[in-house]
Peer 1: 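Okay, here's the structure, questions in a sec.
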Amino acid sequence: SFCCDSVDTKLSGPQALYTNTIFVPIGRGQLSLDCFRIYEAAFSGAIPVLSSPLSNNEFQDTFGHYANSRGSLPPFVFAPTWQEAVIELERLLRAPDELELLQRRVVDWVFENFYYSQRSYLGVGNRLKKGL
């Protein structure tokens with residue numbers, strides 16, 4: 001994974017594996033598609049792959065709160081069936097420029113939705129501690 005090459009951090013468990021992985025198929029969480037593995041994969045620079053029938057709007061219901069100003073869902077691979085997911089993954093593997101762009105978009109999404117907001121939140125917390 002290109003995003004973690006310069007990170008000097010000891011990773012273990014799934015994150016260590018995901019840093020050397022392009023795609024991570026993600027099963028359902030207990031109540032919805034959302035589960036911690038999605039974020040472990042994305043934080044490691046891998047592309048989460050999720051499957052759910054499109055007719056039930058589960059992707060939008062689960063991830064719509066991350067939609068950017070264009071209304072886009074997170075830059076994951078969403079497919080109505082696992083068979084269609086495999087077809088899309090094979091297509092991406094044959095299009096390395098598109099694959100790299102998607103992986104970069106995942107990393108950008110992580111920074112925009114987690115790191116930047118966390119840094120902003122921590123900055124507010126630090127100002128509060130100092131009485132500012």
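One-based numbering along the sequence shown.
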Peer 1: Can you tell me how far apart CZ (Arg94) and CG (Leu99) are? Round to the nearest 0.5 Å.
Peer 2: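 Going from the CZ atom of Arg94 to the CG atom of Leu99 covers 12.0 Å.
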Peer 1: Can you check whether Leu17 reaches Val24 side chain to side chain, under 4.5 Å on heavy atoms?
Peer 2: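 A side-chain contact under 4.5 Å is absent here.
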Peer 1: Which heavy atom of Val106 sits nearest to which heavy atom of Pro75, and what is that distance?
Peer 2: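 For Val106 versus Pro75, the nearest heavy atoms are CG2-O, 3.1 Å.
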Peer 1: Is Ile26 linked to Leu73 within one hydrophobic cluster, defined over Ile, Leu, Val, Met, Phe, Trp and Tyr using a side-chain heavy-atom separation of less than 4.5 Å?
Peer 2: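 They do share one cluster, since a chain of ILVMFWY contacts under 4.5 Å joins Ile26 to Leu73.
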Peer 1: Would a hydrophobic clustering, with Ile, Leu, Val, Met, Phe, Trp and Tyr connected at side-chain separations under 4.5 Å, put Leu93 with Val77?
Peer 2: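 Linked within one cluster.
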Peer 1: For a 4.5 angstrom cut-off between non-hydrogen side-chain atoms, does Arg105 reach Leu102?
Peer 2: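 Of all side-chain heavy-atom pairs linking Leu102 with Arg105, at least one is under 4.5 Å.
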Peer 1: Minimum heavy-atom separation for Leu33 and Ser51, please, with both atom names.
Peer 2: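 Nearest pair, atom of Leu33 first, then Ser51: CD2-O, 3.8 Å.
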Peer 1: Treat each ILVMFWY residue as a node, draw an edge where side-chain heavy atoms are under 4.5 Å apart, and state whether Ile22 and Val86 are in one component.
Peer 2: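 No, because Ile22 and Val86 fall into different hydrophobic clusters, even though each may have its own neighbours under 4.5 Å.
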Peer 1: Checking Tyr39 against Asp34 for the side chain to side chain contact (heavy atoms under 4.5 Å, CB included) test, could you report, in this order, the C-alpha distance in whole Å, the side-chain angles of both residues, the deciding distance, and whether it holds?
Peer 2: CA-CA 9 Å; Tyr39 306 99; Asp34 204 8; 2.7 Å; yes
Peer 1: Any donor-acceptor pair under 3.5 Å linking the side chain of Gln103 with the backbone of Ile47?
Peer 2: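 Checking the backbone N and O of Ile47 against the side chain of Gln103, no donor-acceptor pair under 3.5 Å is found.
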Peer 1: What closest approach, in Å, do Ala42 and Val110 show between heavy atoms, and which atom pair accounts for it?
Peer 2: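 Scanning both residues, the minimum pair turns out to be O-CG2, 3.4 Å.
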Peer 1: Can you confirm whether Phe23 sits close enough to Leu92 that some side-chain heavy atom of one is under 4.5 Å from a side-chain heavy atom of the other?
Peer 2: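 A side-chain contact under 4.5 Å exists here.
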Peer 1: If you measure from CD on Glu40 to OG1 on Thr19, what distance do you get to the nearest 0.5 Å?
Peer 2: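 Nearest 0.5 Å value for the CD-OG1 distance: 12.0 Å.
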Peer 1: Can you find a heavy atom in the side chain of Phe43 that is under 4.5 Å from one in the side chain of Tyr18?
Peer 2: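 Of all side-chain heavy-atom pairs linking Tyr18 with Phe43, none is under 4.5 Å.
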Peer 1: Can you name the closest pair of heavy atoms from Val49 and Trp82 and give their distance?
Peer 2: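 It is O-CH2, 3.5 Å.
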Peer 1: For Pro48 versus Ala41, what's the shortest heavy-atom pair and its separation?
Peer 2: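 Taking every non-hydrogen atom into account, CG-CB, 4.2 Å.
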